[in-house]
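A, B, ... follow the sequence lines: proteins, then strands. Residue 1 opens every chain.
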Amino acid sequence: MIRTRFAPSPTGYLHIGGARTALFAWAYARRHQGTFILRIEDTDVARSTPEAVQAILDGMQWLGLHPDEGPFYQMQRMDRYKEVIAQMLSAGTAYHCYTSREALDAMRAEQEAKKQKPRYDGLWRPEPGKNLPAPPTDVQPVVRFRNPVDGVVAWDDMVKGRITIANAELDDFIIARADGTPTYNFCVVVDDWDMRISHVIRGDDHVNNTPRQINVLRALGATVPEYGHLPMILGDDGQKLSKRHGAVSVMQYDDEGYLPEAVLNYLARLGWSHGDEEVFAMEQFCAWFEFDHISSSAAQFNTEKLNWLNAHYLKVADNARLAAEVKRRLMLQQVAGADWSVLERVIPLYKERVGNLNELADALHPFCVTVHPPADLLTQHVTAAARAALATLFDKLTGVADWQAAALSLAVKETLASHGLKMPQVATPLRVVLLGQAQSPSIDAVLEALGRERVLERLQRVLRPT
RNA sequence: GACCCUAUCGUCUAGAGGCCUAGGACAAUACCCUUUCACGGUAUGAACCCGGGUUCGAAUCCCGGUGGGGUCGCCA
């Protein structure tokens with residue numbers, strides 16, 4: 001039974017790197033009819049916030065990455081961690097260390113000055129035949145894991161292959177603070193064990209934690225899961241993503257008019273491939289997804305390719321859904337007095353032309369509200385000649401019985417003929433009058449979509465200003 | 001500094017020793033389509049980090065360099 005998990009710490013929003021980690025863990029579970037678990041690692045009380053928890057939940061909801069189990073919260077599992085720590089203390093796989101924080105800091109500074117790898121000196125580590133100092137009364141001890149000193153820890157990483165690290169490189173790391181609260185590397189181990197996680201899928205910034213966690217797992221007599229460390233995602237400029245630099249919330253992609261399926265498709269293809277396949281739905285992705293085609297080096301985020309995918313998914317999206325999105329966005333802009341009824345009819349004209357939902361909303365805006373063409377456009381395009389032609393067109397349109405593109409096109413062409421004009425000489429001023437802008441889809445389609453009433457009303461307002 | 005990971009067009013990648021004159025996609029450029037702006041179509045340019053090996057043969061395997069990244073907290 002495959003059981004994967006996504007385990008973010010709620011110290012900020014869900015960003016693109018976390019989203020991809022979640023996506024791959026989710027897809028792997030889906031692929032093998034397994035279970036995808038969400039676990040919130042909130043043991044850093046000072047930095048964790050309920051808002052961040054909600055932001056992560058919102059982000060996953062938006063992407064459609066629904067957990068099969070959870071969310072579980074580490075803060076609610078404190079008793080369990082303390083229980084395991086007590087067991088390890090009595091089993092001798094962990095011990096109390098009375099070296100103070102200050103002494104540790106001093107030791108580290110000294111080692112760094114000598115260009116050595118900073119590490120704990122093992123003063124309080126029990127050894128056969130070793131006499132430990134008498135515990136000071138003024139220091140609350142921390143609990144350290146008694147890491148093996150010899151040999152190596154090795155595992156076959158699902159993405160990077162075999163990784164070997166010498167135990168000599170590993171410290172006796174702290175598993176419980178002086179106040180008794182457990183630390184990250186320890187909670188993860190207990191959780192992965194208790195939750196029977198079969199495949200730990202996470203960012204490769206965790207590679208160095210893995211040997212420690214494996215050692216604890218072994219000390220506990222637990223089964224060691226499979227590990228897969230995903231390479232990180234770099235910003236558009238090749239720099240590391242950080243809160244300060246380019247790491248934006250996945251919800252910001254919603255704000256910027258991206259469709260979740262476009263973001264998902266893009267993320268799936270970033271660092272993973274299936275031959276030449278570029279455009280695919282999540283169902284297809286889950287059917288294909290395996291670890292043997294994940295690249296092992298970092299990938300640079302490319303907004304332009306995301307834009308291309310977004311434009312593609314916009315083209316194939318359902319009109320009613322797009323209409324709802326456009327309405328939501330225009331209402332957010334406090335657009336007043338709008339008539340939303342035209343939306344669904346106009347969307348087919350525009351969804352193939354725009355790159356995102358905000359552009360779509362901007363394009364559809366003039367269809368829903370009374371337009372006031374900018375003076376400079378009127379001056380430039382609605383010349384005396386154009387005005388005369390528009391007047392003729394107005395009369396012809398009044399007589400159009402069947403308000404369809406074919407009949408409307410005919411009316412426009414007859415107008416051209418009677419005035420000796422070319423299409424752009426009438427179409428452009430007409431666009432300015434109807435929509436307040438010089439560009440639009442084919443003019444007959446615009447006339448049809450806008451509807452007789454609006455067309456005549458807008459023309460009349462310019463031709464016979466009151 | 002130590003340890004770990006990593007290296008194919010600008011970017012994401014295909015590539016499992018001969019199918020490679022290195023393929024696809026985004027982006028770029030040109031042309032076509034056109035009722036404006038887009039969409040779309042066609043075409044073009046663009047890469048195996050360097051040096052040694054192994055082999056009849058290396059983008060692919062090995063070693064070394066260099067570049068990039070990560071980690072070395074009573075953070076996660």
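The side chain of A/Arg269 lies closest to B/G24, out of B/U35, B/G24, B/C5. Of all nucleotides listed (B/U35, B/A76, B/C12), B/A76 comes nearest to the side chain of A/Asp44. For A/Pro424, the side-chain atoms get nearest to B/U35 when compared with the rest of B/U35, B/C12, B/A2. Comparing B/C74, B/C39, B/C4 against the side chain of A/Leu104 picks out B/C74 as the nearest. The side chain of A/Ser442 sits closest to B/U35 out of B/C26, B/C4, B/U35. For A/Asp205, the listed nucleotide lying nearest its side chain is B/U71; candidates were B/G24, B/U71, B/U13. Checking B/A25, B/C3, B/A76 against every side-chain atom of A/Lys305, the shortest atom distance belongs to B/A25. Here B/C72 is the nucleotide among B/C26, B/C4, B/C72 with the atom lying nearest to any side-chain atom of A/Pro118. For A/Asn208, whose side chain is taken as the heavy atoms from C-beta onward, the closest listed nucleotide among B/A76, B/C3, B/U36 is B/C3.
Looking at A/Asp192, its side chain never comes within 3.5 Å of a backbone N or O of A/Pro225 through a donor-acceptor pair. A donor-acceptor pair is defined here as one N or O able to donate and one able to accept, closer than 3.5 Å; no such pair exists between the side chain of A/Asp171 and the backbone of A/Phe173. Between the A/Asp42 side chain and the A/Pro8 main chain, no donor and acceptor come within less than 3.5 Å of each other. A/Asn167 contributes no side-chain N or O that, together with a main-chain N or O of A/Val149, makes up a donor-acceptor pair within less than 3.5 Å.
Contact check on A/Asp194 versus A/Arg77 returns a salt bridge, with a Lys/Arg side-chain nitrogen under 4.0 Å from an Asp/Glu carboxylate oxygen. The pair A/Arg321-A/Glu325 fails the salt-bridge criterion, with no side-chain N (NZ, NE, NH1 or NH2) lying under 4.0 Å from an Asp/Glu carboxylate O. The residues A/Asp79 and A/Lys82 are annotated as not salt-bridged, no charged nitrogen and carboxylate oxygen being separated by less than 4.0 angstrom. Salt-bridge formation is detected for the pair A/Lys305/A/Glu278: a Lys NZ or Arg NE/NH1/NH2 atom is positioned less than 4.0 Å from an Asp or Glu carboxylate oxygen.
Under the Watson-Crick or G-U wobble criterion, with both distances below 3.5 Å, B/U11 is paired with B/A25. As the counterpart of B/C72, B/G1 is assigned, both hydrogen-bonding distances of the Watson-Crick or G-U wobble pattern falling under 3.5 Å. Across all strands shown, B/A59 forms no Watson-Crick or G-U wobble pair with both distances under 3.5 Å. B/G67 and B/U6 make up a base pair, with Watson-Crick or G-U wobble contacts both under 3.5 Å. With a cut-off of 3.5 Å on both pairing distances, the Watson-Crick or G-U wobble partner of B/G40 is B/C32. Nucleotide B/U54 forms a pair with no other nucleotide shown, judged by Watson-Crick or G-U wobble geometry with both contacts under 3.5 Å. With both pairing distances under 3.5 Å, B/G45 is matched to nothing as a Watson-Crick or G-U wobble pair.
Contact annotation for A/Ser440: base contact, defined as any heavy-atom pair under 4.0 Å involving a base atom. Residue contacts shown for A/Gly271 are limited to sugar-phosphate atoms, with no base heavy atom under 4.0 Å away. Heavy atoms of A/Glu41 sit under 4.0 angstrom from primed sugar atoms or phosphate atoms, though from no base atom. Using a 4.0 Å heavy-atom cutoff across all strands shown, A/Pro441 reaches at least one base atom of the nucleic acid. Using a 4.0 Å heavy-atom cutoff across all strands shown, A/Asp444 reaches at least one base atom of the nucleic acid. Residue A/Ala427 is in base contact, counting any heavy-atom pair closer than 4.0 Å across all strands shown. Within the nucleic acid shown, A/Lys422 has no heavy atom closer than 4.0 Å to any nucleic acid atom. Nucleic acid contact for A/Thr210: none, since no nucleic acid atom lies under 4.0 Å from a heavy atom of the residue. Counting any heavy atom pair closer than 4.0 Å across all strands shown, A/Val207 reaches sugar-phosphate atoms only and no base atom. No engagement by A/Asp105 is indicated, since no non-hydrogen atom pair under 4.0 Å with the nucleic acid exists. Using a 4.0 Å heavy-atom distance criterion, A/Ile443 is classed as a base contact.
Contact of A/Arg431 with B/U35 (side chain to base): a donor-acceptor pair of N or O atoms is detected under 3.5 Å. Between the base of B/G70 and the side chain of A/Asp204 there is no donor-acceptor pair shorter than 3.5 Å.
Spacing between B/C33 and B/U42 at atom C1', rounded to whole Å, works out to 11 Å. Taking atom P on both nucleotides, B/A76 is separated from B/G67 by 34 Å, rounded to a whole Å. Of the P atoms belonging to B/C56 and B/G51, the separation is 23 Å, rounded to the nearest Å. If you take atom P in B/C3 and the same atom in B/C12, they sit 29 Å apart, rounded to whole Å. A distance of about 25 Å separates the C1' atoms of B/G68 and B/G73, rounded to the whole Å. Taking the P atom of each, B/U11 and B/C49 are spaced 12 Å apart, rounded to whole Å. Of the C1' atoms belonging to B/A59 and B/A47, the separation is 10 Å, rounded to the nearest Å. If you take atom P in B/A16 and the same atom in B/C72, they sit 38 Å apart, rounded to whole Å.
At a cut-off of 3.5 Å, with distance as the only test, a side-chain donor of A/Asp191 or A/Tyr81 sits close to an acceptor on the other residue.
Rounding to whole angstrom units, CD of residue A/Glu169 and P of B/G1 are separated by 15 Å. A/Phe301 has its CZ atom 14 Å from the P atom of B/A27, to the nearest Å. For the pair A/Asn302 CG and B/A27 P, the computed distance is 9 Å after rounding to whole Å. Atom-to-atom, CG of A/Leu349 to P of B/C39 comes out at 16 Å; the value is rounded to the nearest Å. Atom P of nucleotide B/U71 and atom OH of A/Tyr184 are separated by 12 Å, given to the nearest angstrom. At whole-Å resolution of the value, NE2 in A/His312 and P in B/A27 are 14 Å apart.
Proximity of A/Ser273 to the phosphate of B/A14: a side-chain N or O atom is located under 4.0 Å from OP1 or OP2. At the phosphate of B/G15, OP1 or OP2 sits under 4.0 Å from a side-chain N or O atom of A/His293. An OP1 or OP2 oxygen of B/U71 is reached within less than 4.0 angstrom by no side-chain nitrogen or oxygen of A/Lys117. Applying the 4.0 Å criterion to OP1 and OP2 of B/G73, one finds that A/Arg108 has a side-chain N or O inside that range. A/Thr43 has a side-chain polar atom (N or O) that falls below the 4.0 Å cut-off from OP1 or OP2 of B/A76.
If A/Val159 and A/Ser295 are placed on RNA chain B by their nearest nucleotide, the residue sitting closer to the 5' end is A/Val159. Comparing A/Ser296 and A/Ser409, the nucleotide of RNA chain B nearest to each residue sits closer to the 5' end for A/Ser296.
Look at B/C26: its glycosidic torsion is beyond 90° from 0, and that puts it in the anti range.
A cation-pi contact links A/Arg80 to A/Trp193, judged by a cut-off of 6.0 Å to the six-membered ring centre and 45° from its axis.
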